[in-house]
Amino acid sequence: MRAVNINTLFEKKQANEKFTCLTAYDASFARLLSEAGVDTILVGDSLGMVLQGHDSTLPVSMSDMQYHTRCVAKGNERALVIADMPFMSYSDDLSAMKNAASLMQAGAQMVKLEGGQWLCPTIAKLVERGIPVCGHLGLTPQSVHTLGGYKVQGRLAEQAKQILEDAKQLQEAGAQ
């Protein structure tokens, strides 16, 4: 099987094919997922809840994400590796550039940011500098306190319309 990259995902999209994305935090699971033919592996900041025992993703640090991204990259043989940018690691453009670069150097092939249109300038700058970006809308765990808990988003027509508009804006800014 050939390695998955951005072009592979675009080809699947053009052919109206689905692709798989599962989460891994270590080399063992990354190897299993890769061997099973999973297209993309997410190194999620969910590791804060799954591995570290926190009640949210907020305590996850850049050091945590770098470590787990390196582990996943070592076990992966073919999947595209996406790494979450943890809470407040992209609060300004300079932090976003530095932190996204560190995740790419750790083995990520794309970074994932949570948020809507306010992220467009940051996304454009990351993409311009060769860092592929995955946008994350809807249920955004980094906003757990703003949302008043983990709640399904977009059930009301106006909310759904806003999510769709945000998605279009993120795509125009360069998010995949």
Side-chain angles (χ1 to χ4, degrees), residues 4-25 33 37-52 54-60 62 64-65 69 79-97 99-100 103 108-129 131-176:
V4 176
N5 59 38
I6 294 291
N7 293 332
T8 310
L9 300 181
F10 281 132
E11 290 167 9
K12 286 182 176 266
K13 181 179 179 181
Q14 294 300 322
N16 205 26
E17 294 177 23
K18 295 180 180 182
F19 65 88
T20 53
C21 181
L22 292 174
T23 301
Y25 309 110
L33 296 178
V38 169
D39 297 304
T40 60
I41 298 174
L42 172 66
V43 184
D45 60 357
S46 54
L47 67 89
M49 298 168 81
V50 175
L51 298 179
Q52 297 174 337
H54 298 294
D55 63 355
S56 76
T57 63
L58 303 183
V60 175
M62 274 306 299
D64 295 332
M65 292 306 302
T69 299
L80 180 88
V81 176
I82 304 169
D84 260 338
M85 297 277 289
F87 180 66
M88 295 303 288
S89 66
Y90 49 98
S91 59
D92 61 78
D93 289 346
L94 184 58
S95 296
M97 298 300 155
N99 292 324
L103 290 174
Q109 295 155 302
M110 177 180 273
V111 297
K112 182 169 80 66
L113 284 69
E114 291 184 13
Q117 295 179 36
W118 63 272
L119 280 174
C120 289
T122 301
I123 290 170
K125 288 178 182 173
L126 289 169
V127 171
E128 181 179 77
R129 286 159 179 84
I131 298 174
V133 175
C134 173
H136 178 155
L137 298 167
L139 178 62
T140 50
Q142 293 178 13
S143 301
V144 64
H145 297 305
T146 303
L147 300 173
Y150 298 103
K151 298 178 181 177
V152 175
Q153 302 297 304
R155 283 197 173 154
L156 301 176
E158 189 167 313
Q159 292 173 331
K161 183 179 174 184
Q162 184 61 55
I163 291 171
L164 182 58
E165 182 59 32
D166 283 345
K168 289 176 182 176
Q169 293 295 318
L170 296 183
Q171 184 177 358
E172 285 180 26
Q176 306 297 319

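Nothing here was measured: the structure is a model prediction, and the numbers come from that model.
Counting only heavy atoms from C-beta outward, the side chains of Met97 and Leu126 approach each other to under 4.5 Å. Contact of the Leu58 side chain with the Met88 side chain is not registered, since no non-hydrogen atoms from C-beta on lie closer than 4.5 Å. Side-chain contact between Glu114 and Tyr90 is present, with heavy atoms from C-beta onward closer than 4.5 Å. Inter-residue side-chain proximity for Pro132 and Val111 is flagged as unmet; no heavy-atom pair is nearer than 4.5 Å. You'll find the side chain of Gln109 stays beyond 4.5 Å of the side chain of Asn5, heavy atoms only.
Under the side-chain contact (heavy atoms from CB on, under 4.5 Å) criterion, Thr40 pairs with Leu9, Phe19, Cys21, Leu80, Ile82, sequence neighbours left out. Legend: residues meeting salt bridge (charged side-chain N to carboxylate O under 4.0 Å, His left out) with Asp39, ordered by chain and number and at least two apart, are Lys12, Arg78.
Once rounded to the nearest 0.5 Å, the distance linking CD of Glu128 with CD1 of Ile123 reads 13.5 Å. For the atom pair CD1 of Ile41 and CG of Leu33, the computed distance is 5.0 Å after rounding to the nearest 0.5 Å. Atom OH in Tyr25 sits 8.5 Å away from atom CG in Asp45 (nearest 0.5 Å). Atom NZ of Lys112 sits about 8.5 Å away from atom CE of Met65, to the nearest 0.5 Å. With values rounded to the nearest 0.5 angstrom, Leu47 atom CG is found 8.5 Å from His54 atom NE2. Note that the CG atom of Asp84 and the OG1 atom of Thr23 stand 8.0 Å from one another [nearest 0.5 Å].
Of all heavy-atom pairs between Val4 and Thr8, the closest is CA-OG1, 3.7 Å. Here the shortest heavy-atom pairing between Ala108 and Ala83 reads CB-CB, 3.7 Å. Taking each heavy atom of Gly115 and Leu170 in turn, the nearest pair found is O-CD1, 3.4 Å. The two residues Asp64 and Val60 come nearest to each other via the heavy atoms OD2-CA, 3.6 Å.
Proximity of a side-chain donor or acceptor of Gln176 to a complementary backbone N or O of Cys134 within less than 3.5 Å is not detected. Counting only distance, with no hydrogens or angles, the side chain of Asp166 and the backbone of Gly116 share no donor-acceptor pair below 3.5 Å. Side-chain N or O atoms of Asn99 include one that pairs as donor or acceptor with a backbone N or O of Ser89 at under 3.5 Å.
Listed by first and then second residue, the salt bridge (Lys or Arg N to Asp or Glu O under 4.0 Å) pairs that reach into residues 117-126 are Asp93-Lys125, sequence neighbours excluded.
Of the N and O atoms on the side chains of Gln162 and Glu158, not one donor lies less than 3.5 Å from an acceptor on the other residue.
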